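Right, one structure below, let's go through it.
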Number of protein chains: 2
Amino acid sequence: MASLPVLNQPPRRSGALLDNLARRMRLHAESVLEPLGLRPRHLVALTVLRDRDGSTQQALASTLMMDRATVVGLLNDLEADALIERRRSPEDRRRHIVQLTDRGARRLAKAEFALAAVEDEVLSALDTGQRATLYELLLLAASGTAQECGPAAIASDSPC
Amino acid sequence: MASLPVLNQPPRRSGALLDNLARRMRLHAESVLEPLGLRPRHLVALTVLRDRDGSTQQALASTLMMDRATVVGLLNDLEADALIERRRSPEDRRRHIVQLTDRGARRLAKAEFALAAVEDEVLSALDTGQRATLYELLLLAASGTAQECGPAAIASDSPC
DNA sequence: TAAATCGTTGGCGTTACACAAACCAGTTAC
DNA sequence: GTAACTGGTTTGTGTAACGCCAACGATTTA
């Protein structure tokens, strides 16, 4: 006998939509970010560093799920523009403690302000509430993947 | 006088998180999709074609916000595997009407099923309800850019 | 002293585009 | 019916943003 049609319906996967939406956003963002001397990829790091200030590069790579080497290049860009600082950890002098500078915080704020227009365009179908929900879900999904950092720590300012 | 602090708070932008999450998803998806002869990029097209069957390539490029030439390459891949069909439009024989074949639909379903594990991992911090919400928001954002397709049509099975 | 760790650099390979130019088949305008 | 336009196609060039690997210096741990 045939199985129930409703059970045959494949689950809708978000991956493809996520990809597409991200590409659109990045495409528009590039031109907006360019006068600020930033690239889309830099924003991820800056955003994370605003919340998890004083992170190790290793920890940063882990939460971003990126290769260490990639993170190094990213931070090199940001440090060259004095948007972040690398201090050596007193406890373990192999480690670099990465911190957002005031300049970096200001630049990030400026970038986010400038990106409002881009988001308005790409997310034009979403109202304010829906955009807020989307942001929360994305933040939750992004932060939750680091095992040490439970969901409870997301909304709070805990350093994880 | 200084402006109110709360007003100075920059708006949190979803772009960076979107980017990061999409990259993670794509990274894991590649290996899962490979035995199916698909690449992440193909899923977007297949997904759109399932809902907007019989679309013109031009329309497809428009909803995907991609270059025509890029779409051609994408469809070439899919057609080579008989996952889609290109028919000439009777009204305007310049146009190609793109349609998902049964094989394509089955392949897509299989892919989505296989991607469940990936989504489970990347979106592990989200429960079922939250994932559904995320999917709806993404779909809304993706479809909303095409003006003909209003928000009311999202939840329904309307072809837009 | 030896092994492991953190960051760093460099190189090689890949995906996935954008953009432009040129082309054919078919359509529309004059 | 010639000219202009349009939809799709091909090819080619360029770019962003990675991943992965290997090797290295500085430092810490066994």
Side-chain angles (χ1 to χ4, degrees), chain A residues 15-16 18-34 37-45 54-62 64-80 84-99, chain B residues 15-16 18-34 37-45 54-62 64-80 84-99:
Chain A
L18 210 53
D19 228 43
N20 189 250
L21 207 58
R23 187 180 49 79
R24 291 187 198 180
M25 198 87 85
R26 188 159 21 93
L27 195 60
H28 292 231
E30 269 169 13
S31 50
V32 171
L33 253 32
E34 197 231 335
L38 290 175
R39 295 186 174 282
R41 54 196 302 257
H42 296 136
L43 278 196
V44 199
S55 173
T56 309
Q57 291 188 205
Q58 167 183 260
L60 199 56
S62 160
L64 289 179
M65 285 203 169
M66 284 177 140
D67 196 89
R68 321 181 272 181
T70 307
V71 173
V72 170
L74 227 170
L75 293 181
N76 284 351
D77 293 350
L78 296 175
E79 195 179 34
I84 59 128
E85 261 179 10
R86 289 192 245 221
R87 297 183 298 111
R88 294 229 92 107
S89 166
E91 300 114 26
D92 186 340
R93 292 188 42 77
R94 288 173 299 184
R95 288 187 185 145
H96 272 164
I97 306 290
V98 184
Q99 259 178 328
Chain B
L18 212 51
D19 229 43
N20 190 249
L21 208 58
R23 187 179 50 78
R24 292 186 197 181
M25 198 87 86
R26 188 157 22 91
L27 195 61
H28 293 227
E30 269 169 12
S31 50
V32 171
L33 254 32
E34 197 232 335
L38 290 174
R39 295 185 174 282
R41 56 197 299 260
H42 296 135
L43 276 197
V44 199
S55 173
T56 308
Q57 290 189 205
Q58 168 181 259
L60 198 56
S62 160
L64 289 179
M65 284 201 170
M66 285 177 139
D67 195 272
R68 317 181 276 180
T70 307
V71 172
V72 170
L74 227 169
L75 294 181
N76 283 351
D77 292 350
L78 296 175
E79 195 179 33
I84 60 125
E85 262 179 10
R86 290 193 244 222
R87 296 183 298 109
R88 293 230 94 107
S89 166
E91 299 113 26
D92 187 340
R93 294 188 41 77
R94 287 172 301 184
R95 288 185 186 148
H96 272 162
I97 306 292
V98 184
Q99 259 177 328

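Quick caveat, the model's predicted, so the values are computed rather than measured. The figures that follow rest on heavy atoms only: side chains count, while hydrogens, waters and symmetry mates do not. Proteins come first, then strands; the chains are lettered A, B, ... in the order of their sequence lines, and each starts at number 1.
Mapping R68(A) and T56(B) onto DNA chain D by nearest heavy atom places T56(B) closer to the 5' end of the strand.
Distance R87(B) CZ to dG7(D) P: 18 Å, rounded to the nearest Å. One atom, CG of L38(A), and another, C1' of dA16(D), lie 15 Å apart when rounded to the nearest Å. Summarising the geometry, the separation between CG on L43(A) and P on dA16(D) is reported as 16 Å, rounded to the nearest angstrom. Look at CG on L60(B): it is 14 Å from P on dG7(D), rounded to the nearest Å. Atom CG of N76(B) is separated from atom P of dG8(D) by 13 Å (rounded to the nearest Å). If you measure from atom CZ of R23(B) to atom P of dA17(D), you get 12 Å, rounded to the nearest angstrom. As rounded to whole Å, 18 Å separates atom P of dA17(D) from atom CZ of R24(B). Whole-Å rounding puts the H28(A) NE2 to dA16(D) C1' distance at 16 Å.
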Strictly under 3.5 Å: I want the nitrogen or oxygen pairs between protein and nucleotides 24-30 of chain D, one per line.
| from | atom 1 | to | atom 2 | distance (Å) |
| --- | --- | --- | --- | --- |
| dT28(D) | OP1 | R93(A) | N | 3.2 |

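Looking at E30(A) and E34(A), their side chains never come closer than 4.5 Å, going by heavy atoms from C-beta outward.
Looking at R23(B), its side chain never comes within 3.5 Å of a backbone N or O of M66(A) through a donor-acceptor pair. With R87(B) contributing its side chain and H96(B) its backbone, the two residues share no donor-acceptor pair below 3.5 Å.
The footprint of chain B on DNA chain C, defined by a heavy-atom cutoff below 4.0 Å, extends from dT15(C) to dT27(C).
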Intermediate values then yes/no, side chain to side chain contact (heavy atoms under 4.5 Å, CB included), M25(A) and D19(B): CA-CA 8 Å; M25(A) 198 87 85; D19(B) 229 43; 5.9 Å; no
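Between atom CG of residue L60(A) and atom CG of residue L74(A) there is a gap of 8.0 Å, rounded to the nearest 0.5 Å. With rounding to the nearest 0.5 Å, the separation of CD1 in I97(A) from CZ in R86(A) is 12.5 Å.
Salt bridge status for D77(B) with R41(B): present, with a side-chain N to carboxylate O gap under 4.0 Å.
The side chain of Q58(B) places an N or O atom within less than 4.0 Å of a non-bridging phosphate oxygen (OP1 or OP2) of dG7(D). Contact annotation: R86(B) side-chain N/O to dG8(D) OP1/OP2 distance is not under 4.0 Å.
No side-chain donor-acceptor contact under 3.5 Å links Q58(A) and R95(A).
V98(A) pairs with exactly one of I84(A), V71(A), L78(A) by the side-chain contact (heavy atoms from CB on, under 4.5 Å) rule, that one being I84(A).
Residue contacts shown for R39(B) are limited to sugar-phosphate atoms, with no base heavy atom under 4.0 Å away.
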